[in-house]
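Worksheet: the structure to be examined is printed underneath.
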Amino acid sequence: MVEVIEKKIEDISAAQIPFKSVDVIVSEPLGTFLLNERMLETYVIARDMFLKPSGRMFPAKADLCIMPFTDESIFNE
């Protein structure tokens with residue numbers, strides 16, 4: 001069964017979804033560089049509260065590729 005609950009994850013109670021009872025979590029937690037908008041944190045909260053120990057998450061991993069650079073004019077701003 002698939003059920004959509006239109007609430008922030010932090011506002012969902014155990015009465016609505018029993019803790020550790022979800023088989024699959026599907027999300028788009030990616031924001032800018034995986035960290036913007038704090039979507040990754042919400043995804044982890046959902047996992048910790050609702051996902052069964054044998055449950056699956058999609059996506060389950062992400063790659064972040066970065067390259068250091070310097071720009072004096074940006075630095076001076």
Side-chain angles (χ1 to χ4, degrees):
M1 176 173 87
V2 174
E3 181 177 350
V4 176
I5 299 174
E6 294 186 44
K7 287 186 174 183
K8 290 173 37 178
I9 195 71
E10 297 86 354
D11 296 336
I12 297 174
S13 69
Q16 291 173 295
I17 301 175
F19 292 140
K20 302 292 183 184
S21 67
V22 174
D23 295 309
V24 177
I25 295 175
V26 179
S27 183
E28 187 277 315
L30 300 180
T32 305
F33 298 116
L34 300 175
L35 304 173
N36 193 26
E37 303 172 18
R38 301 185 72 147
M39 293 299 295
L40 188 59
E41 180 179 296
T42 299
Y43 198 45
V44 170
I45 290 169
R47 178 199 66 193
D48 293 346
M49 290 176 63
F50 299 112
L51 192 64
K52 288 180 179 178
S54 61
R56 306 275 315 264
M57 295 175 68
F58 297 97
K61 72 174 199 152
D63 296 319
L64 178 62
C65 300
I66 60 173
M67 175 181 267
F69 76 97
T70 184
D71 184 320
E72 188 173 346
S73 63
I74 292 174
F75 178 78
N76 291 331
E77 286 181 18

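Hydrogens, waters and symmetry mates play no part in the numbers below; they use all other heavy atoms, side chains included. Everything numeric in this text was worked out from a predicted model, so none of it was measured.
- Under the side-chain hydrogen bond (donor to acceptor under 3.5 Å, both in side chains) criterion, Ser73 pairs with Asp71, not counting sequence neighbours.
- Note on residues 8-21: no pairs pass salt bridge (charged side-chain N to carboxylate O under 4.0 Å, His left out), not counting sequence neighbours.
- The cluster map of Ile, Leu, Val, Met, Phe, Trp and Tyr, joined by side-chain heavy atoms under 4.5 Å apart, puts Phe19 and Val44 in different clusters.
- Under the rule for a side-chain contact (heavy atoms from CB on, under 4.5 Å), the partners of Leu64 that lie at least two apart in sequence or sit in another chain are Phe33, Leu34, Ile66.
- Residues passing the side-chain contact (heavy atoms from CB on, under 4.5 Å) test with Leu51 are Ile25, Arg47, Met57, sequence neighbours excluded.
- Closest approach of Tyr43 to Ser27, counting heavy atoms only: CE1-CB, 3.3 Å.
- Remark: Glu77 pairs with no residue by the side-chain contact (heavy atoms from CB on, under 4.5 Å) rule, at least two apart or across chains.
- Here the CD1 atom belonging to Ile5 is positioned 4.5 Å from the CD1 atom belonging to Ile12, to the nearest 0.5 angstrom.
- For Lys52, the salt bridge (Lys or Arg N to Asp or Glu O under 4.0 Å) partners at least two apart in sequence or on another chain are Asp23.
- At a threshold of 4.5 Å between non-hydrogen side-chain atoms, the residues Phe58 and Val24 count as touching.
- Contact between Phe50 and Pro18 at its shortest, heavy atoms only, is CD2-O, 4.1 Å.
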